[in-house]
Amino acid sequence: MPMTYVLVHGAWHSGQCWARVVPLLGASGRRVFTPTLTGAGETRHLLSRNTGLGTHVADVVRLLVEEDLSDVVLVGHSYAGMVISGVANEVPERIARLVYLDAMVPTHGESALDAMPVSRGMIGDDWRVPPPPAPFGLFGVTDPADIAWLHTMLADQAVHCLDEPVAMDNPALAAIPRTHIHCTVKPEGVEPRPVPAEPNGEPADVRELAAGHDCMITAPAELAEMLLGIGDLVREHVPVGAGR
């Protein structure tokens with residue numbers, strides 16, 4: 001059975017953002033799924049004020065169950081760190097490893113606003129949160145052609161995605177190893193939240209990628225290589241923090 005990766009996009013993006021990474025993982029014999037969360041991308045017509053974190057957790061859980069996926073390397077980019085945390089709480093038996101890709105890393109009961117307080121400044125009077133303006137809203141993408149492609153997939157996010165707390169109270173969640181990938185090219189004043197130790201007390205597995213936030217667009221080969229290496233740890237059952 002080939003190893004399975006599920007890549008979950010962040011706020012305002014769609015599953016299309018992984019288009020350059022998928023063939024690189026696929027060429028190594030991996031199965032890859034890139035769901036678009038409700039209200040994003042091609043499903044933007046489904047966005048409502050009730051679309052929340054729970055909606056997106058349910059989207060990914062549904063995919064795992066309907067496709068009967070197991071031993072999954074579940075990757076969450078940015079806001080999707082919230083999503084994969086909730087998914088792992090719901091179906092921990094299907095997850096081999098969580099990968100937080102330049103992502104929010106919550107604890108039980110936190111919302112995205114708690115995990116990344118700077119996001120509070122993005123909320124106005126409307127229930128919609130539009131993509132932030134440039135340069136922050138370019139997510140580290142600088143090539144004009146890439147920026148044009150990025151803009152084709154960006155869509156508004158509902159406030160409820162940011163203010164709904166995540167549930168992480170399943171004891172089985174603690175047994176799932178985690179890897180944290182930090183993109184090192186960041187706007188001034190943006191610092192990652194300190195990564196907590198593993199629930200079992202082992203040191204966190206933290207890696208760095210010399211790219212901007214949307215590394216799947218600007219550095220797909222480097223990202224794919226890193227994800228393949230993380231997948232090898234799953235195959236070898238290497239303990240968290242080893243093999244770096």
Donor-acceptor side-chain pairing of D163 and S111 below 3.5 angstrom: no
CD/E225: more than 12 non-hydrogen atoms of other groups inside 6.0 Å: no
E208 atom CD: more than 12 heavy-atom contacts under 6.0 Å: no
Measure across [X] and [Y] and return the closest heavy-atom pair with its distance rounded to 0.1 Å.
X    : Y    : answer
I176 : E198 : O-OE1, 4.1 Å
A204 : V195 : CB-CG1, 3.5 Å
M104 : A115 : CB-CB, 4.0 Å
M168 : S85  : SD-CB, 3.8 Å
A112 : M82  : N-CE, 3.5 Å

Flag side-chain contact, heavy atom, 4.5 Å: [X] against [Y]:
X    : Y    : value
L113 : M122 : no
H13  : L150 : yes
T218 : D143 : no
V75  : I84  : no
L7   : L25  : yes
V60  : L37  : yes
D146 : D214 : no
L227 : V73  : no

Ring pair (Phe, Tyr, Trp, His ring centres under 6.0 Å) involving H180 - partner list, sequence neighbours excluded: Y100
With H9 via ring pair (Phe, Tyr, Trp, His ring centres under 6.0 Å) - residues at least two apart: none
Residue pairs involving residues 32-65 (criterion ring pair (Phe, Tyr, Trp, His ring centres under 6.0 Å); sequence neighbours excluded): H56-Y79
Given V32, L223, I217, the one that forms side chain to side chain contact (heavy atoms under 4.5 Å, CB included) with W18: L223
Test side chain to side chain donor-acceptor pair (under 3.5 Å) applied to T179 and R207, step by step: CA-CA 8 Å; T179 294; R207 303 161 188 237; 4.6 Å; no
